[in-house]
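Computation of the quantities below employed the complete heavy-atom set of this structure, encompassing side-chain atoms and omitting hydrogens, waters and symmetry-equivalent molecules. Everything numeric in this text was worked out from a predicted model, so none of it was measured. Whatever order the structure lists ligands and atoms in, that order sets their numbers, starting from 1.
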Amino acid sequence: MTNPVITALDVSDREAMRSLIKQLAPFGGVFKLGLEMFVGFGPEIVREVIEGGGKVMLDLKLHDIPNTVKKAARNAGLLGAELLTVHASGGSAMLKAAVEGVRESGSRTKVLAVTVLTSIDEETLRNELGVGKSVLDQVKSLALLAKESGVDGVVCSPKEITAIRECCGPDFLIVTPGIRPKGSAVGDQKRIKTPSEAIADGANYIVVGRPITEANSPAGAMQDILNEIENAK
Ligand code: C5P
């Protein structure tokens, strides 16, 4: 089976990152590199993960005019990212431009859209952003917009998986963070699901950070998660 676990590499130390890649690359999964790592270490960090045998989810959450996003997406494709994130709220022209950009690069990079950040609640949507819908309705309409614009999937919270799977169909990729294996520290995550619950709900990939990266044995933690998913089938 394809490894559905995307390891969030939120580490500030490059040596620690190298060690994690060495231990985890044999599982064949994807590593998520976010803005912090990308801005801190530069684009060569993507090449470093790939050279270490890992695939990369480049979580840059692009949001700009279509022409700029197209060129940035093209560059992400040239870097060899497997997955690239953009903001669905950039609109259909921007989303189409992102898809066009990765296509132009000739790479197989898939574009994922972020809908409503989990840090934004209904009050903020209404009072600050002028959106009168519930968070879930806004998430669903942005997910549909992304799908209709040719985007491959979305990143969403575990509690949104079922609704998105229902409105966007079986072929749309769903990637979800907010995952905690049974018994691991919840930390600052508020609405969590276990790996097998998220997969059973319809997620294609789960993003897991600290439960793997801060484990005594990251490889052991990865194997436990894969076992949990396999045993729940
Ligand atoms: O360590 P942890 O498993 O909580 O890491 C989850 C990763 O997913 C982090 O990189 C975090 O920024 C990201 N993320 C999240 N919740 C969101 C969006 C992104 O945890 N709503």
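- Remark: D152 engages no residue in a side-chain hydrogen bond (donor to acceptor under 3.5 Å, both in side chains) (not counting sequence neighbours).
- Checked by atom type and distance alone, the side chain of S149 pairs as donor or acceptor with a backbone atom of L145 at under 3.5 Å.
- Each of L144 and V151 belongs to its own hydrophobic cluster when Ile, Leu, Val, Met, Phe, Trp and Tyr are linked at side-chain heavy-atom distances under 4.5 angstrom.
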What side-chain donor-acceptor pairs closer than 3.5 Å can you find for residues 27-48, not counting sequence neighbours?
residue	atom	partner	partner atom	Å
K32	NZ	D59	OD2	3.1
E48	OE1	R14	NE	3.2
E48	OE1	R14	NH2	2.9
E48	OE2	R18	NE	2.4
E48	OE2	R18	NH2	3.2

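- Contact residues of ligand 1 (protein heavy atom closer than 4.0 angstrom to a ligand atom; sorted by chain and number): A8, D10, K32, T118, P177, R180, Q189, V207, V208, G209, R210, P211.
- Among the candidates E230, E228, K233, the single residue satisfying the side-chain contact (heavy atoms from CB on, under 4.5 Å) test with S196 is E228.
- Applying the under-4.5 Å side-chain rule to Ile, Leu, Val, Met, Phe, Trp and Tyr, the cluster around I192 extends to V186.
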